[in-house]
Structures are given as structure tokens and as C-alpha cells.
Protein chains: 2
Amino acid sequence: MTELTPFFTPLGIAIVGASANPGKLGYGVARNLVNSGYSGAIHFVSHRAGNLFGRPVYPDLASLPDPVDLAVLIVPASGMAAALQACAGRDIHAAIIMSSGFREAGQEGAALEAEIVAIARQNGIRIIGPNCIGLLDTHLPLDTTFLPPPIPPKGDVAFISQSGAICAAIIDWARGQGFGFSRLISLGNQADVNETDMLAAVVEDENTRVLTLYIESVADGRKFIEEASRVTRRKPVVALKVGRFEAGQKAAASHTGALAGSDTAYEAAFRKAGIFRATTSEEMFDWASALASCPLPAGRDIAVLTNAGGPGVIAADALETNGLHLAKLSASTRQRLTELLPPAAGLNNPVDMLASASPADYAACLRLLLDDETVDGVLVILPPPPMYPAESVAGAVIPLIQSSRKPVLVALMGETLIQEAAERFRRARVPEYRFPERAAAAMAVLAERQEFLTTETTRHPENFNKNPAASVVNSSADELVAAYGIPTAPARLAQSASAAVQAAAELGFPLVMKIASPDILHKSDVGGVRLDIHSEQEIYLAYTEMMTRVTTAAPQAKIEGVLLQRMVPGGQEVIVGMARDPQFGPLMMFGSGGVEVEGLKDVAFALGPLDQAEASDMIRRTWAGRKLRGFRSLPPADEAAAADILVKLSHLAFDHPEIAEIEINPLRVLNQGAVAIDVRLK
Amino acid sequence: MTELTPFFTPLGIAIVGASANPGKLGYGVARNLVNSGYSGAIHFVSHRAGNLFGRPVYPDLASLPDPVDLAVLIVPASGMAAALQACAGRDIHAAIIMSSGFREAGQEGAALEAEIVAIARQNGIRIIGPNCIGLLDTHLPLDTTFLPPPIPPKGDVAFISQSGAICAAIIDWARGQGFGFSRLISLGNQADVNETDMLAAVVEDENTRVLTLYIESVADGRKFIEEASRVTRRKPVVALKVGRFEAGQKAAASHTGALAGSDTAYEAAFRKAGIFRATTSEEMFDWASALASCPLPAGRDIAVLTNAGGPGVIAADALETNGLHLAKLSASTRQRLTELLPPAAGLNNPVDMLASASPADYAACLRLLLDDETVDGVLVILPPPPMYPAESVAGAVIPLIQSSRKPVLVALMGETLIQEAAERFRRARVPEYRFPERAAAAMAVLAERQEFLTTETTRHPENFNKNPAASVVNSSADELVAAYGIPTAPARLAQSASAAVQAAAELGFPLVMKIASPDILHKSDVGGVRLDIHSEQEIYLAYTEMMTRVTTAAPQAKIEGVLLQRMVPGGQEVIVGMARDPQFGPLMMFGSGGVEVEGLKDVAFALGPLDQAEASDMIRRTWAGRKLRGFRSLPPADEAAAADILVKLSHLAFDHPEIAEIEINPLRVLNQGAVAIDVRLK
């Protein structure tokens, strides 16, 4: 029993603003609630007395009989404060506010919204909305929306939406598809209850097997990740995040900052929380139906069973596109297929039974494939068979699919000839897709879910110790990263050529000389970097030349001298960086370094703090990272050290929220260990 | 009038193998042809005499009355030769062979297929099939398939398919969608008529506005490109090419060869021919409907009109994803929208009229957007409006869309509540999509079509002069490319250190020394490259060291000496290469060079021969190419020279079919001109 319980299992509901006028929202809500079959008490409140759907209409909340613990408020925005006060008076602590005219309507509305939130807080009332279309639960049942009836079919997918219009369209679309929902919640303006609260609440619903989420933003990035990480361990979450493209450019001080957009941060947040990110609404529900009803595949080797070559090839392509593989069938399976099928049949995967395939052939071959240890899951391709009704095939394979511990998805191709088959599959909870491509994508999601569930458990920000010793205020960038155990190349600042020679004596040759200036971001661009200095004489020459070139190229820059650094020979150069996302915190980057980072875009992102496994995963997602294992004549470099530095840098970023961007470019990854050559801080 | 004319406008059709048994294909074909409304003569031939659908059944082709110029043959494979001979005897020169049991059924069938092709050639008979499901034309009308009735609705999209099963599934799916076709052709085994012949024939059909194509391969790559290039100038072609993933690895002698797969070649072929490549069947028909009925947008600036924020954001995202942009509405449009809409409405693009938007609002705003010069096209987003039936909105906007010279696509969201609206849009030939994402992708295709039609005309292999002077047999790789006007760095072979010093005197310093060995592909990997040699003494040292290192690293390699080359200073290094595709010929590559070509994958492909515009397009598709215009401290390099060398190399490849792979890595692109530093040939 939480504060949100009355939203989902209310004992009694008051509809404030119920109306007998079919043109009013208050009519639709009353009608839907009465028709929904809701078994608790239903009360209508309106300033117009009378009867509605055979029930009395009360003049105010105060006069309602018990029980009542949820109010649906459909009154003008200007009257909402009073309505909430009345809820408090009647001991109601949950309100769905459907009315608009709040934050979405401009400044005046925003003030009204702030006012009702204040009243709710004072009185311990939780609010869904305002400006929402309510919620429904097909199992309880309960329907507080005003959408045209009927209520969508029962199902096991919950849909939580920040857009009411999407909610309405999805309900209607789902009805046409025979796609069922457990709960639908329209969050509206999220003045109080937000998407994160709702995830936590809905995962508790025993009728919900999969949560789907339409979001445009999250209220609090870190809380969202923490809560969603807990939820995804229990039930899968599929999200459609829109608003991918940001308008305008931001000023970034580093390559990491330039590449780290808000959408990159969402992508990383979903990855960290184990949320599947769909790119279209269709994908979201394609994946949700598979996740809701299929066992998970043990691996990525999939068999394709078809009665026609073309769709089989499409399916094979789509499996590869989605990172799955065609299972290599065992010799005994192939042998038994030979015995079953005509000579011209395709016996390798895809198994093409030819157009003459009967329902019994489908069943026999499917059984063989499911029994084959090399097969982790099966795509059944079913274009209308020329000689048999598609529904007979459905009838023959459904019992096998239902009793299988491996997932089977069906590409049921066509439309009018496969309606009856589609019905049968739906009733049997076998996911069916109009095209093989969509079935293959859903299968890949099942494989990812299995991999997610078998990896190590959640990674929490709390899982590491803070390092209070290191203070950014009093440290140079090099000192700061060194305080976190990130090796840096020994360096000395020199303000004259002779001081540079002095420093060289301490550091030893070979050396690198770099211009030291807070105003010069890209040193090599202005002649401010000189590699491979081997003698005192070269130091003199390099110093003079560098001062000339830099002051010519950047006459207004403040020059603090030159930095001399022992040159680290060999190894591979990569970039490691962090840009702080306003929503999600430290967004870590790894990839091909140098100056062409934005051009090559060979980078991967993940949200900090990282653990070693997350860091290794980032590394392997880039070419620069894969190359660390050695490439042609390039010897292998210490991948683990690079991962370790990513982890440490993520901790540093977490400890120091005042740092907006930090970047090591290059990090030289050696045969043993790695060294930060140039560290930049903002 | 061509040889294929009788397939599409036959004067009389003979169905050989017509049957009164509903379980037989010969029954289905007879039934469909009679029911199709075909107005020419219909004749049935069967060894069982009698009546069928009220018409006499003749014992053989010889006894048929006139007119008859097309035979549909449904007889066993073993009797097909005789059936074709009978066609010849009756002066029939077009046959659709539906029977299977030919090439697809194994060796014996392949022999039968060869036999019937030989008979057809001898007698001037053209064949569609065997192993196909026939063809249909909804306008003539004509239906020679055996698919369950009814014939699909009339439309203006033709579908040509190498898979009969796909054809059948698509017909059924289209029927459910209310999607119409002009013609459907199942090509079967393509023993004679293939996809290229069919493209050329169907483009002539006045009822066809768009051609769609399902292919697994093409019969002759170059002919396909030539024919398709002509077709796409007249009508758009959308293709779904499957079989994207090749099994097994091939041995490649160059980076180009390693990266140039068969799917890359198809991708390049479609680009060259101006064919749109869909990745799913749904996409193919989404795009085809827009191409069939919409005017083309003058540019890529699109307005979004919606009654809800969420779907508007989805649409805006999808536009950007597809390379389109949100139009920046003019001040006067914004002003007039302000006057029309409530204060809380979104007046920038997307224009969010809010949920209260009436059909009249939709129409008024759409008119404003279409009249705005900044707008090239409009996406209308229509989730079921809460207060009005969706069909009223359809009724209000259809006249505007029909009279507009700008394209308008509709995202009609939902299912049951929008059925009537969907019907209205279909009848009005306004493309409507269930999700904004699909509408945005279709809009992008319209923009591409416009750009394609306004670019320079076709590029034919014949458009350049061969260069017979250059013979690969007697040339080194350097000499060969030099013969095509590609500058190479002067080089000399030396077989001893002193000969190297001698060569240096002719070439001048600085020099590069490379090992000369036919057995060593990757010279730098074995210590076989030494840069920046400035003196005679360095030559001696480098020679000795190189011989030691190379013979240690590659003891079995035949060493011919060292190659000395004048070092070309400065510039940017890129890779330019060609790998010959067995289907399409020279597949050209451009991109980031060095040894990490396959890792970075910063490469673009196009089919040769190239013209300057195609070469420039390839260059701009890569980071290496975009960087040629200058990047930070890197000065601009001669992009036109790089393009010129791509063009010349493509001509070389075209002239010399005996060359399998050729690669210049690096090509150094200088401030003026470009020089091939290392040329490799296979």
C-alpha cells in the first residue's frame, strides 16, 4: 500500500464535474467508468443536481457517502484549488486532474499549477495530471478516461504516456490490432506524479508483464535511472523517447562536450537502466508483445521455417541485420528433414518446405527445429499457403509453440487470407507480425533481454567511495586526475628556454614541448606542440620557434610558458572524456582520439559512474577500442588499463559536480598500463 | 509493339491444362481469367474434353479458333517441351509457364528448363516463368494467376517479383490495406524474360505511375543498370533487394576488395540507376503510394500540422532522421496562425492547433502552410480528434491537398476511429500512414525524387573514350595508372644499397624507401617502409636495416630489392580503389586510407565508370573527403583532383576487365593536384 494505491485500486471514485451533456468530458468519464464494470463505489458530483446513469448527483464532495478515496476532477482550472481543498476536506488523497488550462497554457496557467501543487503537498494529496486523459485498468476493471468506448482488450502490457493524444491514438490502434493492455496511464503535465513514480508503481501490478513508456523528457535523470534499473530487473521496459533533435548549438570546450547531446545522454541512460529503446511506436508494441508472452532464447542462433524462398531470404537478412544468426542445424535434424520433405526443399536454415507444405509439415518441422540443440528460437514464416487455409497451420503449430521453452515468433504475411489465423495466434498469445523484418527485430529484443538478465546486477552511484582528498579548486587538471590514480606523464612548466633546459635535466629525454596557455584550446593548431626533442640544443630551437609561431597565430593569447613532458613511446592513442549532462550527470566518452574526433565519430558513450564491465563494453563498441587487442603490426595494448581509467575518470566526475567537462586526449595505452598525456578541464 | 506485347494486351489466351477440378491450379487460372473481365478470347485446352465456365474445352492448341496469341501452360514439366512445340505450331509466341519442376527442383529440372528455353529460342517464343504464379493487369483487365479472388483493387503501382510467395502475400496484404495495383508480374525462374526486360516493358504501361520490384538477384548487372537508368528518368522505381548477407568470406588482395561485398555493389547499382532501395516490404509500398500520387517538393523544408504535441514531436524527429528539415515559417504565416488559433497553440513548426482543432481549423491552417513560400511540403498529423470525427477533417483537407502543387502526406493515427477517414483519403488518392515516422520517410523519398530528376542526366559506360594504349600486361601498376593521367611519385628500383644511392642522385631527397616484393602485401607491417630519408648515409643504414627486418619477418618472401620514391610532402592521405563485382563490374571506393581502412570503415562506394559529379558525391559521403576542404590547422587539399583521379581510375578499370582489384593507398591529395604514392594491382 503506497500513496499511489488509490489510483489503481480505489474503493470509491468521485467524478467532480460529471455531466449529463454528451458534449462534455464529464459525461464521457462518467459513462466510461460506469460501463467499465468497476466494482467499487461510483459517485457523481456536479453543481447541477439530478440523476446520471441511474445514480444520484451530489452537490459537493462533502455530501458523498463512503467509500471514496479517489477523485477525478473535471472542473475549470480556476476552480481547481477549491476542488482540491474539498478533496482534503473529504479525506481524499488521490486526484486525477483532467482539466487543461495549466502550465501548458502559459504563465497564468503555470501559476495556477504551482498553486494546486502547493495545496496538494499541504494536504497529502497525490495528483495525476493536470491536462491528462486519465487512466484505465482492463483487469480491475477501471476506466477514468473520456475516450470513445469500448475499453481496450485485456492484456499484459502497460502503457505510460506523457502525451494524451498518443495514448488515445494507441488505444484505438491497439483495438484494431487486437492488442491488449493491462493498464494505460496518461501523465499529463506531471505536476506531481511523474513517469518515474509510475514505473515504480506499475511494476507491482501482477497483470502487467511488460511496461511501455512514451516520454519526451524525464523529471529527474538520476532518480529515473535508479528506479528504472530496479524495474527492469523484474520486468522489461520498452520506451519511445521523442525529441531526439535539439535545436541550436551549444558551446563546448572539448570533443566530448561537442559530441554529447541530450539524446546521447538518453541513449546512455536507457542502456544503463536496461530499458529497450524503440525508435517508432510500432516497434515499441512489436517488442512488447514478444516480451510479454515468449520464453527467452538461450542464445542468438535462430532457425527460419518457411513455405517459400523469398520470405525466407527476407527473414535471414533481417536476422543478421538485428545481430542474430542463422542456426547451423545439426546433422540429425537435417537428416530427419530430408525424410519429411520433398527433394527440392531447402534443408539448410532457412528450412524451405516449399509451397506444398501442409499444416502437419509445419508442425513436424517446427518440432524438429525446437528439439535441435543448435536452435535458440524459431521464426515461422507463413504466407497464405496455396493449398491450405493459414488457420489450419496456426492450429497445428500453436500447441507446440505454447509448450516450447524456446521462443517462436510468426511472420503471418498477407491480410484478408490470414485474418482467422491471426485471431487464433492472438488468442493463443503467440506474437504474429505482418512482415518477417518486424518478427526478426522482436526476436533480437528477446535475446537482448536474456543477456541483460544474465549479466551482473545493477550498478549504483553509491557503489564506490568518494575521494574527498582531491579538490578541483587547488589542483591542475593533471594533479586532479593523478589524485584518482590515473597516471600522467611527468611534466614541468618552464618560462624561459633556459628554464626548459633545466626541467629537461630532471625529466630526461626524449621530451615533448607544449605551449602553456589558458586561452589556447587546440595547441597543435597554432604550432604549440613539438614532439621528439632529444637534446638541449633542440630545446632552445623549439622554444624560440614555438614562441614565434604561437604569438603570430594567437597574438591575444596569454602565454604562461611551455610545458615539458617526458615523451611516452609506443602504445595506442585514444580519447577518454566526460561531459556533464544536465539531466543525467556524467556522460562518459571513449574512442578514437586526436583532433578528428568529431569527424571520425568513432566514439561510444555511457553514463557514469562506470564499473569495469560497462567501461569494457564502451571500449569494444569503438574501432579504437577493438584495436587495443592488437591490429596487424600494431602490438596489443592494455585494454584493462584503459577501462580502469574510464572507471576512475567517471568517479572523479561524480565526486566533482563543479566540473562540466574533462577530457584526456590522448590517453596513451601502453603494453602495460596507460598514461594521460594531455588533460583538459572545464 | 514488342515481343512482350502479347503478355499484356493479348488478343486471345489459351489456358493449356485448364481443369474442372477446384483442387487444381488449372481450375483457379481458368476461374480468375473468366472472372477478371478480360475482354479478349478465352480458350481452354485439356485432354479431358467437355465444358468449363460455359465454354468448350479443346483437346489441343491446334484446334483452337482465332484469335490466340498468349498461352498459359499448366502441364507437367515433362510435357512442357511438347506444349511449347504446339504453341509454335499454332503461331503463339508468348507463353506463361506456371508449372514447377524445373531449375528450382534440381539437376533434372534444370535440364528440362534448358530444353524448353532452346525450343522457345528456335521458335521465337518468349517465356515468363516457369514456376511462377502468372501476371495480372487490373486496368485491362486480365488475371492469369490462380490466387484466391477477388483481383486486387485498381491502382497505379506495378509490382514485379522474383518470388511468387511474396507476390501472393503482397496481393492479399494490399487488399486489406485498400492499396491498388496496376500490374503484378511473378517472374518465377526467369528462364527467358527477366526483371530487366520487365522493367522496360512495364514502364510503357500508361496506367503505371510507379514500379516496384522484389529481387533476389539480377540477370545481368550492367544491362540492369542501363535499362533501369532509362526507366527511372521516366517513372520512379522502388526495389526491395533481399539476400543482403553473404555466407562465407572471400580472399581479397586489397582493402577495397575486403570491403566490397555483393550487397555494396547492389547498393551502388541502385544509386547509379536512380532506384529507391527499400529495406522492408512495408517501406516499398509506403514510398510507392506517395510517389504515385503526390507532387514533388521543391526542397526539404517541411511543415507539420497537428492537433497534439506528442505526435508533432515524433514527426519532427522523424523528419530530421530522414534528412528533411522543419520549415521556418514566415512571419506573416505565424501572424495569421496567431489570429486563427487559441493562445496556447504552438505557432512555430510543428503547428500545434491543440485538441480542440476543428475540421475548419485543419483546413485553414493547412492552407496557410501551403501558401507559405518557406514550406516545401506538409505532414498533417491526425490522431482521432476528441471533439470531431476524423472523417470530417479528411473531408475538409482533401480538396486543398488535391489542388496543391506541394505534397501533403497524412499520418492518420489509430485504427477503428479513423477507418472512415482512411477510406476517404484512399478514394481521394491522398497517401495516409498509421504512424508519423512512416509518413516522414515517404516525404524524404519525394524530396530525393525531385533532386534526382533535376540532376544531370544518365551516365553511360559509353560516355568516355577507351585508352587502348595502356596495356596491363606490360605495365607495372605505377605505369598503368600513369598512362591514365594519374600522377605517381617518381620511383626507381634498386637491388643493392649502392644502386639505391645511385637512384637517389636521380630522384633527389627527401626519399621514401619501400621493400619490393610480390609476396608482401602490407609492407609497413614487416618493417618494409622507411620515410623521410635525407642523405646517402641514411640510405645505407635504411637499406641494411630493412633487409634484416623484412627477411626476419617474412623469411619466405621473394625480395626484388627496394623501391625508392621521391617523398611528396604535405597534403592529405586518402584511399582510392576498385574491386570488380562479378555482376556490376568496377565498384569504386574512396575514403580514409592507411592500414585501418576496414576498422574505420570511413569509405563510400559507387559503380564505375564515374563522372566528376558521382566522384564528388562519393568524396563528400566520407569524413576523409569532407576533410579535404580543410580542417582546423589542416590546409584545404585539391578535392577536384581527387575526384578526377577517381574518374580516371574508374575508366582504367572499365578498359581492363582482367584487373580484379586496384588500389591507391595512399593517394596524397595536395594543395594543387594529387599523387598516387602506392599502387597495388591484382
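Owing to the predicted nature of the structure, the values given are computational and were not obtained by experimental measurement. Per chain, numbering begins at 1; letters A, B, ... match sequence-line order.
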**Interface moiety of A355(B) toward chain A, non-hydrogen atoms closer than 4.5 Å** = neither
**Option that, when pairs with chain B are counted at under 4.5 Å, heavy atom only, ranks first among F631(A), F146(A), W173(A)** = W173(A)
**Asked** Got I314(A) and L240(B) here, is their nearest side-chain heavy-atom distance under 4.5 Å?
**Response** yes
**Message:** Between I171(A) and chain B, with a heavy-atom cut-off of 4.5 Å, which part of the residue counts as in contact: side chain, backbone, both or neither?
**Reply:** neither
**Asked** Can you tell me if S100(A) and N131(A) form a side-chain donor-acceptor pair at under 3.5 Å?
**Response** no
**Request:** Identify which part of K627(A) has an atom lying under 4.5 Å from any heavy atom of chain B, answering side chain, backbone, both or neither.
**Result:** side chain
**Asked** Measuring heavy-atom distances to chain A, does P384(B) have an atom under 4.5 Å in its side chain, in its backbone, in both, or in neither?
**Response** side chain
**Message:** Heavy-atom pairs under 4.5 Å with chain B - which of M413(A), E216(A), E282(A), R175(A) has more of them than the others?
**Reply:** E282(A)
**Item:** L147(B) portion near chain A, given a 4.5 angstrom heavy-atom threshold
**Value:** neither
**Asked** Highest number of heavy-atom pairs under 4.5 Å with chain A: which of E437(B), R632(B), R434(B)?
**Response** R632(B)
**Prompt:** With a 4.5 angstrom heavy-atom cut-off, which part of Q419(B) approaches chain A: side chain, backbone, both or neither?
**Reply:** neither
**Asked** Looking at S163(A), P311(A), A308(A), which makes the most heavy-atom pairs under 4.5 Å with chain B?
**Response** P311(A)
**Asked** With a 4.5 angstrom heavy-atom cut-off, which part of E104(B) approaches chain A: side chain, backbone, both or neither?
**Response** backbone
**Request:** Indicate yes or no: at least one non-hydrogen side-chain atom of I418(B) is less than 4.5 angstrom from one of L382(B).
**Result:** no
**Prompt:** Where does the angle between the aromatic ring planes of F159(A) and F285(A) fall among parallel (under 30°), tilted (30 to 60°) and perpendicular (over 60°)?
**Reply:** perpendicular
**Request:** Could you tell me which of F435(A), W623(A), Y214(A) has the largest number of non-hydrogen atom pairs under 4.5 Å with chain B?
**Result:** W623(A)
**Fill in**
Checked G101(B), S281(B), P383(B) vs chain A; the most non-hydrogen pairs under 4.5 Å come from S281(B)
**Message:** Using a 4.5 angstrom heavy-atom cutoff, name the option from A165(B), A169(B), G527(B) with the most pairs to chain A.
**Reply:** A169(B)
**Asked** Do you know which of G23(B), A344(B), G310(B) has the most heavy-atom pairs under 4.5 Å to chain A?
**Response** G310(B)
